[in-house]
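Let me begin by presenting the structure, written as structure tokens, before commenting on it.
Reminder, nothing fancy here: chain letters follow the sequence lines and each chain counts from 1. Note that the coordinates shown come from a computational prediction; the quantities given were computed from them, not determined experimentally.
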There are 2 protein chains.
Amino acid sequence: MRSNTREWMISTAARLLQQRGYHGTSLNDILTESRAPRGSLYFHFPGGKDELVVEATRATIGQTTSLLADLLARAETPGRAVREFVEGAAEMLRRSNFALGCPVAPIILDGADASEEIKQVCREAFDAWIGLYRKAFAEAGLSPEGAETLACSVEATIEGLLLIAKAYRDVTPMLRSAVELEASVDAAIAAQAGDRAEPDGAARPAQP
Amino acid sequence: MRSNTREWMISTAARLLQQRGYHGTSLNDILTESRAPRGSLYFHFPGGKDELVVEATRATIGQTTSLLADLLARAETPGRAVREFVEGAAEMLRRSNFALGCPVAPIILDGADASEEIKQVCREAFDAWIGLYRKAFAEAGLSPEGAETLACSVEATIEGLLLIAKAYRDVTPMLRSAVELEASVDAAIAAQAGDRAEPDGAARPAQP
DNA sequence: CATATTATATAGACCGGTTGTCATATTTGC
DNA sequence: GCAAATATGACAACCGGTCTATATAATATG
């Protein structure tokens, strides 16, 4: 007896959700592609579609978080890690024929009537990613407020680049902006490292 | 006889598409909310759902494009216009209880199997918006390449900010990043205005 | 003014797809 | 060989998009 059915379903669902969002992914699609029968789904996921979606989204988010943490830990500068992450995402997008982008964006935008738990999982994803950026930026010398704001901007830019690349089915603009983003992040860090004694830590933009 | 049925349907569809994406918006929803009977749809839109979606999306895109063009024309600096645009979007998001974001993002992300024409309309939206930014940035002194790259980055950041704000149901981070974005854009323009005679116009990032 | 003709609007039937449930079969561990 | 765990596919109830037949308003025509 196949004991990995559950995992199969999760990974298939994760892939389809990433490609087509919450409403665009039907249980039939998942069952057909994972070659599992209908009833098995409700044995492994008594909560039905929403429970499966939560598990699948969590799994994808975990992978992305690990990758990002790894890149930030290894790279020479935070900006470099950001660029490498975007380049990796571009490669994934290209290889999948522009199907695989951000795992949570499609769910946030089309899953307005999805369960509250699903939305919570999506928020946790942003918490994790923005948190990693913030930590890296702060360790590189940015003020807490500057790191927070820049982290949010960086995450936003990456999300938007994935969206635009998918729309055009072309990663060229994404790669150009990635270079710019690297420079921008590292410049913001360098600038703040210069003027430590500056009095106002308020709304002053982190990028000069 | 009500002769505005068609317009009613379009505006209702536009709103719902913005909130729930392509698959998340059913004809039943549109018909119920616009208080129109079922059959009328296929009289006004013989192409069915996809034709209605195209019309509705075009309408919303047109409004956004006009607003953006207006802001860019009036504002003192391009960066200022960008900030004002983001602030306006944040206000719209807040007022609509975080339902109304970008009109094309949900369709791009969940409408993989939508008609080719729909995807084309979404691309045209980005063409228009990025084109407006590029023109404004170039007129302010940026090189063509720099303006193009920065325009794409700005559009991407705005898309991402809308997404993140919707996920958190909170526009605070969006507004903080908007201030940063204004500074970043205007700084990039000022920097390039300084070194006109620089030899390499290649992949040098526009933001110092 | 009466009638014919066209343009617009409406109601509801249709079929396929979607989710969730069930009774039953099969495997596994002991 | 037995009990628990898992697998299976048929089924019901519902919802989706599409279509056809009909009703009503607008306009033209004699």
Side-chain angles (χ1 to χ4, degrees), chain A residues 1-57 106-107 109-119, chain B residues 1-57 106-107 110-119 121:
Chain A
M1 195 187 299
R2 235 167 84 208
S3 97
N4 54 346
T5 306
R6 199 185 135 92
E7 305 309 317
W8 246 134
M9 285 179 176
I10 289 180
S11 74
T12 306
R15 184 164 37 83
L16 292 179
L17 284 167
Q18 213 167 344
Q19 300 178 199
R20 315 190 235 189
Y22 179 81
H23 288 107
T25 304
S26 79
L27 293 187
N28 280 343
D29 293 342
I30 297 170
L31 292 170
T32 305
E33 288 212 24
S34 62
R35 229 126 30 180
R38 200 157 192 73
S40 301
L41 203 153
Y42 286 83
F43 171 75
H44 291 291
F45 306 95
K49 183 179 186 179
D50 282 7
E51 186 178 342
L52 173 56
V53 170
V54 167
E55 291 295 321
T57 309
I107 296 174
L109 291 181
D110 96 323
D113 57 343
S115 79
E116 196 49 48
E117 194 184 356
I118 292 179
K119 297 184 211 160
Chain B
M1 191 188 302
R2 234 170 82 208
S3 98
N4 55 346
T5 307
R6 196 185 137 94
E7 307 309 317
W8 246 136
M9 285 179 175
I10 289 181
S11 73
T12 306
R15 184 165 37 84
L16 292 179
L17 284 167
Q18 214 167 341
Q19 300 178 202
R20 314 191 240 192
Y22 179 81
H23 287 107
T25 304
S26 79
L27 292 188
N28 279 340
D29 294 340
I30 297 170
L31 293 170
T32 304
E33 289 213 23
S34 63
R35 233 131 19 186
R38 209 162 182 67
S40 303
L41 206 152
Y42 284 83
F43 171 73
H44 292 292
F45 307 95
K49 182 180 189 179
D50 282 6
E51 187 179 341
L52 173 57
V53 170
V54 167
E55 291 295 321
T57 309
I107 298 174
D110 95 324
D113 56 345
S115 79
E116 196 49 49
E117 193 184 358
I118 292 178
K119 296 186 213 160
V121 169

Sugar-phosphate, base or nothing in reach of Gly39(A), heavy atoms under 4.0 Å: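 Base: the residue Gly39(A), judged by heavy atoms under 4.0 Å, touches a nucleobase.
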Residues that Lys49(A) engages under salt bridge (charged side-chain N to carboxylate O under 4.0 Å, His left out), provided they are two or more places apart: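 Lys49(A) satisfies salt bridge (charged side-chain N to carboxylate O under 4.0 Å, His left out) with no other residue.
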Those residues that, when tested against Glu51(A), pass salt bridge (charged side-chain N to carboxylate O under 4.0 Å, His left out) (two or more places apart): none
What nitrogen or oxygen pairs link the protein and nucleotides 14-17 of chain D at under 3.5 Å?
residue	atom	partner	partner atom	Å
dG16(D)	OP1	Ser26(B)	OG	3.4
dG16(D)	OP2	Asn28(B)	ND2	2.3
dG17(D)	OP1	Lys49(B)	NZ	2.8
dG17(D)	OP2	Leu27(B)	N	2.6
dG17(D)	N7	Arg38(B)	NH2	2.6

Pairs involving residues 13-22 of chain A, ordered by first then second residue, that meet side chain to side chain donor-acceptor pair (under 3.5 Å) (sequence neighbours left out):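 As it turns out, the side chain to side chain donor-acceptor pair (under 3.5 Å) pairs with a partner in residues 13-22 of chain A, which skip direct neighbours, are Arg15(A)-Glu33(A), Tyr22(A)-Asp50(A).
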Qualifying residue, where the test is side-chain contact (heavy atoms from CB on, under 4.5 Å) with Ser34(A) and the options are Thr12(A), Asp29(A), Leu41(A): Thr12(A)
Phosphate OP1/OP2 of dA7(D): any Thr5(A) side-chain N/O under 4.0 Å: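 Indeed, a polar side-chain atom of Thr5(A) lies that close.
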Short side-chain N/O contact to dT8(C) OP1/OP2 from His44(B), under 4.0 Å: no
Value in whole Å for how far the [atom2] atom of [N] lies from [atom1] of [X]:
X	N	atom1	atom2	result
Leu52(B)	dT18(D)	CG	P	10 Å
Leu31(B)	dA9(C)	CG	P	14 Å
Trp8(B)	dA9(C)	CH2	P	15 Å
Phe43(A)	dG9(D)	CZ	C1'	17 Å
Ile30(A)	dG20(C)	CD1	C1'	14 Å

Contacts of type side-chain contact (heavy atoms from CB on, under 4.5 Å), residue Ser11(A), not counting sequence neighbours: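 Partners of Ser11(A) under the side-chain contact (heavy atoms from CB on, under 4.5 Å) test: Trp8(A).
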Ala13(A): partners by side-chain contact (heavy atoms from CB on, under 4.5 Å), with sequence neighbours left out: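 Ala13(A) satisfies side-chain contact (heavy atoms from CB on, under 4.5 Å) with Ile30(A), Leu52(A), Ala56(A) only.
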